[in-house]
Amino acid sequence: MMVMAELLDYSGHLSARIAPDRFLIPTRDASRAGITADDILIVDLDGKVLEGNRPCPTETQIHAGVYRARPDVKVVGHGHPPMSVLFTMVDRPMIAIRNFGYRFIGTPVHPDPTHIRTREQGDAVARTLGQCSCCLLRGHGSVIAANSVAEVFLDSLEMEENARSAVHAASLGPLKPITPGEAEQLKASYAKNDYRAVKIWEHYQEKARLAGLL
Ligand SMILES: [Zn+2]
């Protein structure tokens, strides 16, 4: 579904914590468009494969680093969403231009543009993420930390759609971003919409079924 919604391509990965000290993650080489249960590894918080005999993704430390630092996080997504990543290439913080974009105002940007391969780099990404639910990696991608796969899907979708809208709107004229005061109002009204992650998940699940993908 992430591939279908163009939130993941041939790389990037989701992981899910299944115990305090271990999580599921797909293998490095499996196509993201056709992952099956056989492509899923069990990995510990050092990034060591406990179950499965194929290599884990090069950037498993993104996930391990977030899980080490944030016991509250159950699911981590890492992708390379092209519109969102544009905001790491300019001296301009992420703005909200769509109403749902209020959650992404000032999304932190991790300065290290290289692949996150080591434990130290994973810890550094987790420090940039802090208590936020998402951050961006400069010239590279996104990290989303949430409680469920459906929430990671929602955040991935809305972050990219907000960024895409900003880029397109800028070609029409000066941008009119959501103001801090409006963001507060949106926070209050969206707080009543806790059904959204499931609603959007079900919509895309149905689309995937109609497309014969599920
Ligand atoms: Zn990456």
Side-chain angles (χ1 to χ4, degrees), residues 1-14 32-33 62 75-111 113 125 128-208 210-211 213:
M1 283 162 63
M2 293 282 287
V3 170
M4 183 190 72
E6 298 189 346
L7 301 171
L8 279 185
D9 49 27
Y10 51 84
S11 59
H13 14 80
L14 260 72
R32 279 58 174 155
I62 292 175
V75 180
V76 174
H78 166 58
H80 308 115
M83 296 296 168
S84 303
V85 174
L86 291 175
F87 281 87
T88 72
M89 302 174 188
V90 289
D91 234 345
R92 171 176 204 162
M94 178 82 86
I95 53 169
I97 200 83
R98 300 288 296 265
N99 62 354
F100 54 71
Y102 75 94
R103 295 187 296 127
F104 307 106
I105 294 172
T107 294
V109 177
H110 189 61
V125 167
T128 297
L129 180 69
Q131 292 305 306
C132 298
S133 60
C134 52
C135 72
L136 292 165
L137 310 176
R138 185 163 72 85
H140 174 182
S142 63
V143 179
I144 295 187
N147 278 317
S148 67
V149 174
E151 282 178 29
V152 167
F153 187 87
L154 170 73
D155 287 359
S156 303
L157 190 77
E158 293 196 335
M159 182 166 72
E160 184 66 350
E161 191 51 46
N162 180 62
R164 181 181 293 110
S165 295
V167 172
H168 287 172
S171 69
L172 297 174
L175 292 173
K176 292 201 278 186
I178 303 290
T179 66
E182 288 165 341
E184 282 305 312
Q185 288 176 307
L186 286 163
K187 200 172 167 181
S189 67
Y190 268 95
K192 300 183 180 109
N193 295 353
D194 55 0
Y195 55 84
R196 291 182 72 246
V198 173
K199 178 179 172 180
I200 287 165
W201 176 260
E202 285 181 358
H203 173 72
Y204 278 88
Q205 202 173 36
E206 193 54 32
K207 269 182 90 168
L210 289 172
L213 300 172

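Minimum interatomic distance between Ser11 and His80 (heavy atoms only, all atoms of both residues): OG-CE1, 3.2 Å. When all heavy atoms of Val149 and Leu14 are compared, the pair lying nearest together is CG1-CD2, 3.8 Å. Heavy atoms only, all atoms of each residue included: Met4 and Ala208 are closest at SD-CA, 3.7 Å. Contact record, Pro93 with Phe87: O-CD2, 3.7 Å, taken as the closest heavy-atom pair. Ala96 and Ile105 get closest at one heavy-atom pair: CB-CG1, 3.6 Å. Closest non-hydrogen pair, Leu129 versus Ala145, comes out as CD2-CB, 3.9 Å.
Side-chain contact check for Arg103 versus Tyr190: every heavy-atom pair is 4.5 Å or farther apart. At a threshold of 4.5 Å between non-hydrogen side-chain atoms, the residues Arg138 and His110 do not count as touching. Contact of the Leu86 side chain with the Val167 side chain is registered, since non-hydrogen atoms from C-beta on lie closer than 4.5 Å. At least one side-chain heavy atom of Leu157 sits less than 4.5 Å from a side-chain heavy atom of Leu7. For the pair Leu186 and Phe100, the minimum side-chain heavy-atom distance is 4.5 Å or more. A 4.5 Å side-chain heavy-atom check between Ile97 and Leu175 finds at least one atom pair inside the cut-off. Leu137 has its side chain out of reach of Thr88: every pair of non-hydrogen atoms, C-beta onward, lies at least 4.5 Å apart. Within the 4.5 Å cutoff, the side chain of Asn193 has no heavy atoms near those of the Lys199 side chain.
The distance from atom OG of Ser133 to atom CE of Met159, rounded to the nearest 0.5 Å, is 9.0 Å. Interatomic distance, CD of Glu160 versus CZ of Phe104, reported as 10.5 Å (0.5 Å rounding).
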Step by step, work out the salt bridge (Lys or Arg N to Asp or Glu O under 4.0 Å) result for Glu158 and Arg196. CA-CA 11 Å; Glu158 293 196 335; Arg196 291 182 72 246; 2.3 Å; yes
For Glu202 and Glu206, run side-chain contact (heavy atoms from CB on, under 4.5 Å): C-alpha distance rounded to whole Å, both residues' side-chain angles, the deciding distance at 0.1 Å, then the answer. CA-CA 6 Å; Glu202 285 181 358; Glu206 193 54 32; over 6 Å; no
Mind running side-chain contact (heavy atoms from CB on, under 4.5 Å) on Ile178 and Ile95 for me, showing each step along the way? CA-CA 8 Å; Ile178 303 290; Ile95 53 169; over 6 Å; no
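Proximity of a side-chain donor or acceptor of Glu182 to a complementary backbone N or O of Thr179 within less than 3.5 Å is detected. A donor-acceptor contact shorter than 3.5 Å is absent between the side chain of Asp155 and the backbone of Ile144. Here the side chain of Glu151 pairs no donor or acceptor atom with the backbone of Ala197 at under 3.5 angstrom.
Counting heavy-atom neighbours within 6.0 Å of Glu6 CD, excluding the residue itself, gives a total of 12 or less.
No side-chain N or O of Asn162 forms a donor-acceptor pair with one of Tyr102 less than 3.5 Å apart.
Relative orientation of the His140 and His78 rings is perpendicular, given thresholds of 30° and 60° on the angle between their planes.
Applying the side-chain contact (heavy atoms from CB on, under 4.5 Å) test between Thr107 and each of Ser84, Cys132, Cys134 identifies Cys134 as the sole match.
The six-membered or imidazole ring of Tyr204 lies near that of Phe153, with a centre-to-centre distance under 6.0 Å.
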